[in-house]
Amino acid sequence: MVFEEAYKEIAYKVRTDIDQLNSRLNDLFLDDNAIFQELQTFLNSPSKRIRSVLTFLYLRANELDVTDEQIELQTIVELIHNASLIHDDVIDEDLKRRGQNTLNCDFGNRMAVISGDYLLSVVMKKLTCFNSIELFNIFAKTLENMCSGEIQQYILLGKFPSIDEYIEKSYLKTGALFEAGITAAMRIAGETKIIRAVEFGRNFGIAFQIRDDLKNVLSHDSKDLANGIYNAPAIFSESSEVNSMGIEKTKDLLNNYLDKAEDCLVDLAENEYREALFELLELLKND
């Protein structure tokens with residue numbers, strides 16, 4: 001079974017939650033202009049919604065309700081993620097995303113940047129409705145981390161970072177938002193003992209980035225390598241010409257973080273959502 005089919009079966013367990021999330025994202029823009037229309041299309045284009053799927057599964061595995069507040073929180077997570085994609089397309093000069101033109105392709109870099117910023121302004125407005133300094137701080141720190149990760153990547157262009165530097169960058173760019181989504185969800189559910197949740201989100205997010213970097217190299221048309229971005233496979237290969245040793249060591253690193261994420265789930269009660277989380281971890285390990 002290919003990844004997409006297996007993932008759909010896992011995500012189907014929280015389909016009602018995802019349907020509500022998609023409905024909320026679909027009602028964001030009422031202004032009838034070309035840029036807002038394209039933003040709406042971008043938000044509604046086919047997406048795994050893996051950050052939200054992961055959080056909904058985690059909440060339900062903990063036998064916690066997915067309330068209207070939880071749906072709104074994951075709307076915030078998806079808006080942050082999509083804003084970062086729009087900004088990434090400008091930085092990377094990409095013209096296609098999810099099978100359609102990027103905003104910078106159709107409207108230029110200036111409007112793409114301000115469109116990503118606009119999504120973040122919606123995030124700020126939505127966060128204020130929670131009336132929680134703690135939640136605001138969680139996501140302010142997350143945005144700071146994501147920007148720091150991009151800056152770190154730029155500074156390291158053309159250089160081979162250490163594995164520790166690579167893991168830090170992977171956390172900042174990707175792991176931080178996974179961590180924030182789950183941490184914030186547990187907070188608004190009234191949970192106070194959330195160390196396991198924080199660790200799960202962080203380790204899953206780092207693993208997700210390692211997997212993405214591995215797939216990028218295995219595609220044999222790596223933009224990262226061409227642009228002087230040397231991730232785990234190149235670091236382990238000690239060369240921009242990635243070899244089998246680099247691939248195998250990257251797989252070991254990926255599995256190590258997936259195992260760490262799995263360890264965070266062992267105390268959960270037996271239910272279909274806990275099982276789905278284990279299935280997702282195995283899927284990423286064997287994909």
Side-chain angles (χ1 to χ4, degrees), residues 2-4 6-8 10-11 45-55 77-78 80-94 96-99 102 142 145-150 152-154 156-157 160-161 163-182 200-237 240 242 246-262 280-287:
V2 298
F3 177 87
E4 287 75 14
Y7 176 74
K8 282 181 181 178
I10 293 169
S45 59
S47 169
K48 294 182 179 66
R49 303 275 190 248
I50 193 165
R51 290 155 188 81
S52 298
V53 166
L54 190 74
T55 299
V77 171
E78 292 297 334
I80 292 173
H81 173 57
N82 280 276
S84 74
L85 294 181
I86 292 171
H87 288 156
D88 281 350
D89 289 338
V90 174
I91 293 169
D92 299 336
E93 299 180 341
D94 284 333
K96 291 288 184 180
R97 166 80 65 177
R98 298 170 180 165
T102 58
T142 300
N145 284 337
M146 293 170 74
C147 292
S148 295
E150 283 294 337
Q152 186 181 106
Q153 179 168 282
Y154 177 80
L156 291 170
L157 281 177
F160 285 90
I163 284 297
D164 286 343
E165 288 174 322
Y166 167 73
I167 293 299
E168 181 186 21
K169 184 190 73 170
S170 298
Y171 167 69
L172 293 172
K173 283 189 62 179
T174 304
L177 187 55
F178 277 98
E179 179 187 296
I182 290 179
F200 176 70
R202 179 189 301 130
N203 288 316
F204 185 95
I206 292 172
F208 192 78
Q209 183 60 57
I210 295 170
R211 172 184 173 273
D212 190 62
D213 294 336
L214 181 59
K215 288 174 70 68
N216 182 281
V217 167
L218 293 176
S219 70
H220 303 295
D221 185 26
S222 173
K223 280 192 67 175
D224 285 348
L225 290 176
N227 292 330
I229 300 172
Y230 300 132
N231 294 320
I235 297 168
F236 284 127
S237 299
S240 58
V242 174
I247 296 297
E248 290 307 311
K249 285 190 174 182
T250 301
K251 289 180 179 178
D252 289 342
L253 184 68
L254 167 62
N255 292 340
N256 178 50
Y257 277 93
L258 290 172
D259 287 343
K260 287 181 179 181
E262 187 174 291
L280 181 54
L281 293 172
E282 282 300 310
L283 181 59
L284 295 182
K285 188 177 292 188
N286 299 315
D287 177 37

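All values below come from the heavy atoms of this structure, side chains included, with hydrogens, waters and symmetry mates left out. The first residue in the sequence is number 1, and the count goes up from there.
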Checklist entry - What do the steps show when you test Glu179 against Asn145 for side-chain contact (heavy atoms from CB on, under 4.5 Å), and what is the final call? => result CA-CA 11 Å; Glu179 179 187 296; Asn145 284 337; over 6 Å; no

Checklist entry - Do you know the tightest heavy-atom contact between Ala261 and Phe200? => result O-CD1, 3.3 Å

Item to check | Distance in Å, Ile206 CD1 paired with Lys260 NZ, rounded so as to fall on 0.5 Å steps | outcome: 7.5 Å

Item to check | Residue among Leu253, Asn231, Thr174 satisfying side-chain contact (heavy atoms from CB on, under 4.5 Å) with Ile210 | outcome: Leu253

Checklist entry - How close do Ile50 and Tyr7 get, heavy atom to heavy atom, and via which atoms? => result CA-OH, 3.2 Å

Checklist outcome for this item: dist Ile163:CD1 -> Thr250:OG1 (nearest 0.5 Å) comes out at 7.0 Å

Item to check | Lys8 atom NZ: more than 12 heavy-atom contacts under 6.0 Å | outcome: no

Checklist outcome for this item: Scanning both residues in full, the closest heavy-atom pair of Leu177 with Val77 reads CD2-O, 4.0 Å

Checklist outcome for this item: Here the pair of heavy atoms bringing Gln152 nearest to Glu165 is OE1-O, 3.2 Å

Next on the checklist: Please find the pair of heavy atoms, one from Ile182 and one from Gly201, that lie closest to each other, and give the distance.
Outcome noted: CD1-CA, 4.0 Å

Next on the checklist: Measuring only between side-chain heavy atoms, which start at C-beta, is Lys48 closer than 4.5 Å to Val53?
Outcome noted: no

Item to check | Smallest separation among heavy atoms of Asn82 and Arg49, with atom names | outcome: ND2-NH1, 4.3 Å

Checklist entry - Between Gln209 and Ser170, does a side chain to side chain donor-acceptor pair (under 3.5 Å) hold up when you go through it step by step? => result CA-CA 6 Å; Gln209 183 60 57; Ser170 298; 5.6 Å; no

Next on the checklist: Nearest 0.5 Å, please: how far is CG in Asn227 from CD in Glu93?
Outcome noted: 8.5 Å

Item to check | Residue among Val242, Asp213, Ile247 satisfying side-chain contact (heavy atoms from CB on, under 4.5 Å) with Leu218 | outcome: Ile247

Checklist entry - Are side-chain heavy atoms of Lys285 and Asp259 found at a separation under 4.5 Å? => result yes

Checklist entry - Taking the inter-plane angle between the rings of Phe178 and Phe204 on a 0 to 90° scale, is it parallel (under 30°), tilted (30 to 60°) or perpendicular (over 60°)? => result tilted

Item to check | Under 3.5 Å: donor-acceptor pair, side chain of Tyr166, backbone of Ile235 | outcome: no

Checklist outcome for this item: Taken in chain and number order and not counting sequence neighbours, the residues that satisfy side-chain contact (heavy atoms from CB on, under 4.5 Å) with Asn216 are Ser222, Asp224

Checklist entry - Do the side chains of Met146 and Ile80 get nearer than 4.5 Å, heavy atoms only? => result yes

Checklist entry - How far does OG of Ser219 sit from CG of Leu214, to the nearest 0.5 angstrom? => result 10.0 Å

Next on the checklist: Please evaluate residues Lys215 and Phe3 with respect to the criterion side-chain contact (heavy atoms from CB on, under 4.5 Å), reporting the C-alpha separation (whole Å), side-chain torsions for both, the decisive distance (0.1 Å), and the verdict.
Outcome noted: CA-CA 12 Å; Lys215 288 174 70 68; Phe3 177 87; over 6 Å; no

Next on the checklist: Let me confirm one number: the OH-CG distance from Tyr171 to Asn203, rounded to the nearest 0.5 Å.
Outcome noted: 10.5 Å

Checklist entry - So, do Glu150 and Asp88 sit near enough that their side-chain heavy atoms are less than 4.5 Å apart? => result yes

Item to check | Greater than 12 external heavy atoms within 6.0 Å of Glu282's CD | outcome: yes

Checklist entry - Which value, rounded to the nearest 0.5 Å, describes the distance between Ile10 atom CD1 and Leu280 atom CG? => result 5.0 Å

